[in-house]
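Below is one structure, written out as structure tokens; comments come after it.
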Amino acid sequence: MVNISEAAYISGNILSGKVAMVTGASRGIGAAAARLFAEQGASVMLVARTESELRKVTEDITTAGGNADYVAADLSSANGIEQAVQATIERFGRLDAAFNNAGIAVHMSSLLDETEEAFDQVQAVNYKGIWLAMKAQIKAMLETAGSGAIVNTSSVGSLKGNAGLGSYAASKRGVNSLTQTAAIEYGPAGIRINAIAPGTTLTEMIQQWVAVDPDIIEKISAMTPLRRAAEPMEIAQAAAWLLSDNASFITGVILPVDGGLTA
Ligand code: NAP
């Protein structure tokens, strides 16, 4: 539990002493977050499916003096997430913070054209995966650290209708609902649970949509008050702050990190 009188504001390494797991850490927003959390003093467990990419990011962090390890797991299965949480406890002894960021996109298509297989796949990773992750992480936090903080990655696409990305947007709106419900249920136990809703961010994921609509980044940037897409590190910064004790009175929030797109 955060000591409010001593730690109203941390000006140094904002995640100092915390054990954090980051999912989707092999590239994109998750890799940026793993690097940032380690820089900010956390011991970090990186999780995704691709071992070679996880190893590379982990080696970069440890070479730079950070404390990190990785575990390869498929987070759409209960076994995968439970093994990842267990590996974190075995390696670092406890769990204080989790950034549930792994996610997949869908090919842009209208509701009539989307296949049932694609719908099921995106719900399994983006929606059920978050539910499974929180179940395992909250249990582990209560048993080890006694309190904790979780940030789930949603999307600006969750906040209103999203033509061409219906099942993706629905999976992310499900994340918002799970986040707020979990915040209410586990606030009394000292666990804060929030979500971030990124706007367009320059990662591999957005390249899938660029392949269908080459001007998509420019089109969304033109509608964005800051007139550009985000770098992955700008999204990671919001997650780091929400996981830190500097955000000690914030729970149940879906925070847009979108250059003002939803303003
Ligand atoms: P990305 O570069 O494609 O990264 C996705 C990450 O998720 C990878 O590390 C991937 O690793 C992991 N992943 C996917 N399926 C997985 C599974 N079944 N089990 C374990 N790991 C899995 O995309 P990103 O842009 O960084 O996306 C990160 C999050 O931000 C996602 O939730 C996405 O929906 C959200 N988001 C992105 C944008 C954007 O514009 N980029 C905007 C709003 C929200 P492996 O393939 O190695 O498993």
Side-chain angles (χ1 to χ4, degrees), residues 21-36 45-58 70-85 87 98-108 118 120-130 132-133 136 151-160 162 165 167-176 178-179 195-211 213 216-217 219-221 224 228-236 238-239 254-259 261-262:
M21 67 184 287
V22 178
T23 77
S26 57
R27 58 176 187 270
I29 294 167
R35 294 176 201 276
L36 177 65
M45 182 61 84
L46 291 81
V47 192
R49 291 167 302 181
T50 313
E51 191 166 353
S52 56
E53 292 184 354
L54 285 170
R55 188 182 312 118
K56 172 152 192 343
V57 181
T58 305
Y70 68 87
V71 55
D74 182 343
L75 298 165
S76 64
S77 85
N79 262 351
I81 184 69
E82 278 160 18
Q83 279 170 20
V85 170
F99 182 32
N100 292 321
N101 163 79
I104 55 170
V106 289
H107 292 293
M108 292 180 96
D120 287 345
Q121 197 187 3
V122 78
Q123 305 311 323
V125 180
N126 293 8
Y127 175 36
K128 186 177 174 188
I130 295 277
L132 289 170
V151 171
N152 298 318
T153 303
S154 178
S155 167
V156 285
S158 72
L159 301 175
K160 53 184 187 175
N162 204 327
L165 292 172
S167 62
Y168 175 81
S171 72
K172 295 297 191 179
R173 192 171 291 194
V175 169
N176 300 350
L178 288 172
T179 299
I196 52 170
T200 313
T201 308
L202 299 171
T203 66
E204 260 182 47
M205 182 174 282
I206 198 75
Q207 291 309 321
Q208 295 178 42
W209 295 325
V210 169
D213 179 354
I216 192 166
I217 295 176
K219 285 180 195 161
I220 300 173
S221 294
T224 303
R228 64 178 177 84
E231 293 296 333
M233 190 55 87
E234 295 180 283
I235 309 300
I254 315 300
L255 178 69
V257 190
D258 66 352
L261 181 65
T262 52

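Because only heavy atoms are used, hydrogens play no part in the values below, and waters and symmetry mates are left out as well, while side chains stay in. Each ligand, and each atom within it, is numbered from 1 in the order the structure gives.
With a 4.0 Å heavy-atom cut-off, ligand 1 is reached by the backbone of Ala25 but not by any atom from C-beta on. Contacts between Ala229 and ligand 1, counted as non-hydrogen atom pairs separated by less than 4.0 Å, are absent for every part of the residue. Contacts of Asn101 with ligand 1, taken as heavy-atom pairs under 4.0 Å, involve both backbone and side chain. Under 4.0 Å from ligand 1, not a single heavy atom of Pro232 appears.
Of the possible polar contacts, one joining the Thr23 side chain to the Ala102 backbone as a donor-acceptor pair under 3.5 Å is found. Side-chain N or O atoms of Trp209 include none that pairs as donor or acceptor with a backbone N or O of Ile217 at under 3.5 Å. Checked by atom type and distance alone, the side chain of Asn126 pairs as donor or acceptor with a backbone atom of Ile104 at under 3.5 Å. Panel note: side chain Ser77, backbone Gly80; a donor-acceptor pair is recorded below 3.5 Å. Checked by atom type and distance alone, the side chain of Glu53 never pairs as donor or acceptor with a backbone atom of Thr50 at under 3.5 Å. Side-chain atoms of Gln123 come within 3.5 Å of backbone N or O of Ser167 as a donor-acceptor pair.
When the heavy atoms of Ala72, Gly103, Gly157, Ala48 are ranked by distance to atom 7 (O) of ligand 1, first place goes to Gly103. Between Leu202, Thr201, Val156, it is Thr201 that holds the heavy atom closest to atom 40 (O) of ligand 1. Across Ile235, Asp258, Val175, Thr203, heavy-atom proximity to atom 41 (N) of ligand 1 is greatest for Thr203. When Met205, Arg27, Gln208 are checked for heavy-atom proximity to atom 23 (O) of ligand 1, Met205 turns out nearest.
The structure places CG of Leu75 at 13.0 Å from NZ of Lys128, a figure rounded to the nearest 0.5 Å.
Numbered from 1 in the order shown, with element, the atoms of ligand 1 that lie under 4.0 Å from a heavy atom of Ile104 read 14 (C), 15 (N). Taking a cut-off of under 4.0 Å to the non-hydrogen atoms of Ala73, the atoms of ligand 1 that pass are 19 (N), 20 (C). Interface of Thr200 with ligand 1, defined as ligand atoms under 4.0 Å from a residue heavy atom, comprises 40 (O).
Closest to atom 6 (C) of ligand 1, if we only count protein heavy atoms, is Gly24 CA, 3.6 Å. The protein heavy-atom contact nearest to atom 26 (O) of ligand 1 is Ile29 N, 2.9 Å. Among all non-hydrogen protein atoms, the one lying nearest atom 18 (N) of ligand 1 is Asp74 OD1, 2.9 Å. Of the protein's non-hydrogen atoms, Arg49 NE, 2.7 Å is the one closest to atom 48 (O) of ligand 1. The protein heavy-atom contact nearest to atom 19 (N) of ligand 1 is Leu75 N, 2.9 Å. The nearest protein atom to atom 38 (C) of ligand 1, hydrogens excluded, is given as Gly199 O, 4.1 Å; this is a heavy-atom distance. Protein heavy atom at the shortest distance from atom 30 (O) of ligand 1 is Thr153 CG2, 3.3 Å. Of all protein heavy atoms, the one closest to atom 34 (O) of ligand 1 is Tyr168 OH, 2.6 Å.
Inspection of the Asp74 and Ser76 side chains reveals an N or O donor paired with an N or O acceptor under 3.5 Å. Using a 3.5 Å distance cut-off with no hydrogens or angles, the side chains of Asn152 and Thr179 do pair a donor with an acceptor.
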Practice problem: Give the C-alpha distance, both sets of side-chain angles, the deciding distance and a yes or no for side-chain contact (heavy atoms from CB on, under 4.5 Å) between Thr200 and Ile206. | Solution: CA-CA 7 Å; Thr200 313; Ile206 198 75; 3.6 Å; yes
Exercise. Run the numbers on Val22 and Met45 for side-chain contact (heavy atoms from CB on, under 4.5 Å), then give the verdict.
Key: CA-CA 6 Å; Val22 178; Met45 182 61 84; over 6 Å; no
Quiz item: Checking side-chain contact (heavy atoms from CB on, under 4.5 Å) for the pair Val57/Arg27: CA distance, chi angles, key distance, verdict?
Solution: CA-CA 8 Å; Val57 181; Arg27 58 176 187 270; over 6 Å; no
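Here's the thing with Thr50: one of its N/O atoms is less than 3.5 angstrom from an N/O atom of ligand 1.
With respect to Glu51 and Lys56, no salt bridge is recorded, no charged nitrogen being found less than 4.0 Å from a carboxylate O.
Ligand 1 has Ser154 within reach: a non-hydrogen atom of the residue lies less than 4.0 Å from it.
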